[in-house]
There are 2 protein chains.
Amino acid sequence: MPIKQGRDLLQLVGYQLQRASLAAEQDARRALQPFGVSPAKLTALVLIRDNPGCDQTALGRALSINRSSAMRQVNILEERGLVERRPGRDARTNALHLTSEGEQRLGAMLDAIRESDALSVSTLTSEERGVLRALLERVASQKDRSRPRKRTPAD
Amino acid sequence: MPIKQGRDLLQLVGYQLQRASLAAEQDARRALQPFGVSPAKLTALVLIRDNPGCDQTALGRALSINRSSAMRQVNILEERGLVERRPGRDARTNALHLTSEGEQRLGAMLDAIRESDALSVSTLTSEERGVLRALLERVASQKDRSRPRKRTPAD
DNA sequence: TATTGTTATACTCTATAACTATA
DNA sequence: TATAGTTATAGAGTATAACAATA
């Protein structure tokens with residue numbers, strides 16, 4: 001017998017967000033499996049491609065992780081030959097770039113993820129998808145989340 | 001200098017879902033911190049309260065985790081005196097119930113989470129929140145996610 | 001002093017695989 | 001055979017705290 005989700009959960013936007021996000025993430029993970037990367041790593045690759053020469057700390061901020069965690073991700077992408085560290089704007093920083101292999105593979109990954117994304121929301125009309133994306137963008141980019149904000153994720 | 005999110009990311013509903021979900025989850029985590037539980041554990045508590053006597057495997061399915069992972073969560077909730085295992089419908093199964101302390105604490109947790117949830121979507125009108133919840137529900141409960149589905153999370 | 005990268009360490013959450021005891 | 005619980009183990013992802021080099 002299946003479990004009931006009562007009103008206390010269903011009324012929470014955060015609960016629905018989590019469930020929808022998890023479902024889409026699993027779809028994406030499956031689609032990216034042949035490439036051996038997670039959805040988060042694909043995001044990192046796209047950010048590096050679109051911000052060539054960025055440093056690890058900035059990348060981490062964009063991914064909502066701290067620079068130590070960002071380093072780990074970059075290490076993995078570098079080991080796989082997708083990303084390289086070049087000398088940065090000063091002697092402390094690395095400039096991140098995709099390798100040519102990284103650029104090539106990323107193209108195929110994006111094809112796969114676009115297909116998977118469409119499947120994740122295949123029950124919505126094209127207009128509804130637009131509405132959803134716009135509402136989500138407002139929630140995600142809401143600056144004041146009340147409460148004392150001190151650090152950006154934590155560091 | 002901040003990092004640019006190009007169109008390749010912004011056009012993906014899954015990307016926006018993940019960002020909005022993460023933001024709301026962090027809000028929830030902060031709100032629940034005084035209670036020492038994560039958002040996922042709150043979900044487990046509500047599901048147990050609303051499905052008294054359910055077993056661990058069913059709980060896991062509702063949480064999209066397998067029975068081994070469900071066990072770990074129940075162990076923690078039991079250690080904290082919020083949940084108890086009683087004899088189940090047959091000798092293999094446990095019947096999960098909230099303790100009286102669990103019921104009491106859950107009430108306060110729900111107050112906190114409702115407030116946090118409202119803050120997470122405070123830039124949306126009440127109507128927009130309803131639209132968002134409805135759209136998310138359809139994405140989350142979409143049954144056919146194409147591709148060969150065999151196991152429910154994995155087991 | 002502040003910042004970047006780095007390392008070591010630990011924690012949370014999840015999964016897999018195997019075992020047991022039931023059914 | 002199939003199912004529920006359990007255990008041991010491993011992996012991914014993140015965090016904290018320190019340190020060195022540089023600004």
Side-chain angles (χ1 to χ4, degrees), chain A residues 1 3 18 21-23 25-26 28-30 32-33 36-44 53-80 83-96 150-155, chain B residues 1 3 18 21-23 25-26 28-30 32-33 36-44 53-80 83-96 150-155:
Chain A
M1 42 215 78
I3 267 197
Q18 198 275 336
S21 175
L22 178 61
E25 188 194 343
Q26 285 173 341
R29 197 172 294 278
R30 199 161 43 236
L32 292 174
Q33 197 166 338
V37 297
S38 59
K41 286 190 182 64
L42 171 65
T43 301
C54 69
D55 66 52
Q56 296 175 187
T57 299
L59 176 67
R61 261 193 301 267
L63 293 170
S64 298
I65 60 181
N66 72 13
R67 67 204 154 112
S68 175
S69 303
M71 211 193 121
R72 187 179 274 247
Q73 295 300 318
V74 172
N75 282 347
I76 294 169
L77 296 174
E78 192 182 39
E79 282 164 19
R80 296 189 190 165
V83 165
E84 61 183 10
R85 292 171 159 109
R86 299 189 197 157
R89 63 183 182 282
D90 64 43
R92 291 176 300 182
T93 58
N94 294 325
L96 302 177
K150 283 174 194 162
R151 295 157 301 161
T152 305
D155 192 78
Chain B
M1 42 216 78
I3 267 197
Q18 198 273 339
S21 176
L22 178 62
E25 189 195 342
Q26 285 173 341
R29 197 171 295 277
R30 199 159 44 234
L32 291 174
Q33 197 166 338
V37 296
S38 61
K41 286 190 182 65
L42 172 65
T43 301
C54 69
D55 65 54
Q56 295 175 187
T57 299
L59 176 67
R61 262 193 300 268
L63 293 171
S64 298
I65 59 181
N66 72 11
R67 65 204 157 111
S68 175
S69 303
M71 219 201 110
R72 186 177 274 248
Q73 295 299 318
V74 172
N75 282 346
I76 294 170
L77 296 174
E78 192 182 39
E79 283 164 18
R80 296 187 189 166
V83 165
E84 62 181 10
R85 291 171 159 110
R86 299 189 196 155
R89 62 183 183 282
D90 64 42
R92 292 176 300 183
T93 58
N94 294 325
L96 301 178
K150 282 173 194 163
R151 294 156 302 159
T152 304
D155 191 79

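Chain naming here is simple, since letters A, B, ... match the order of the sequence lines and numbering starts at 1 in each.
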Under the side chain to side chain contact (heavy atoms under 4.5 Å, CB included) criterion, do B/Arg72 and B/Ile65 qualify, and how do the steps go? CA-CA 11 Å; B/Arg72 186 177 274 248; B/Ile65 59 181; over 6 Å; no
Sub-4.5 Å side-chain heavy-atom contact between A/Leu63 and A/Gln73: no
Remember a base hit wins even if backbone is also touched, and classify B/Arg29 as base, sugar-phosphate or nothing at under 4.0 Å, heavy atoms. nothing
Among C/dC13, D/dG5, C/dA17, the nucleotide that comes nearest once only the side chain of B/Arg72 is considered: C/dC13
For B/Gln56 and for A/Ala40, find the nucleotide of DNA chain D with the closest heavy atom, then tell me which residue's nucleotide is more 5'. B/Gln56
Here the distance between atom P of D/dT14 and atom CG of A/Asn66, to the nearest Å, is 9 Å
So, applying side-chain hydrogen bond (donor to acceptor under 3.5 Å, both in side chains) with B/Arg85, which one of B/Asp55, B/Asn75, B/Thr93 is it? B/Asn75
Counting side-chain heavy atoms from C-beta on, which of D/dA4, D/dA15, C/dT16 comes nearest to A/Ile65? D/dA15
Suppose we call a contact any N or O donor and acceptor under 3.5 Å apart; does that hold for the side chain of B/Thr93 and the base of D/dT3? no
Scanning both residues in full, the closest heavy-atom pair of B/Arg29 with B/Ser38 reads NH1-CB, 3.7 Å
Which of the following nucleotides, D/dA4, C/dG5, C/dT14, is nearest to the side chain of B/Thr57? D/dA4
One character per nucleotide, please: for nucleotides 18-23 of chain C, 5' to 3', B when the base has a protein heavy atom closer than 4.0 Å, S when only the sugar-phosphate does, - otherwise. ----BS
Considering just the side-chain nitrogens and oxygens of A/Lys41, establish if one lies under 4.0 Å of OP1 or OP2 belonging to D/dG13. yes
Does D/dT14 have its OP1 or OP2 closer than 4.0 Å to a side-chain nitrogen or oxygen of A/Gln73? yes
Residue-phosphate contact under 4.0 Å: B/Asn75 side-chain N/O, D/dG5 OP1/OP2: no
Please classify the nucleic acid contact of A/Ser69 as base, sugar-phosphate, or nothing, using heavy-atom distances under 4.0 Å. base
From the options D/dG5, C/dT6, C/dT16, select the nucleotide whose nearest atom is closest to the side chain of B/Met71. D/dG5
Pair of N/O donor and acceptor under 3.5 Å linking C/dT16 base with B/Ser68 side chain: yes
I want to check one thing: is the phosphate of D/dG13, taken as OP1 and OP2, less than 4.0 Å away from some side-chain N or O of A/Ser38? yes
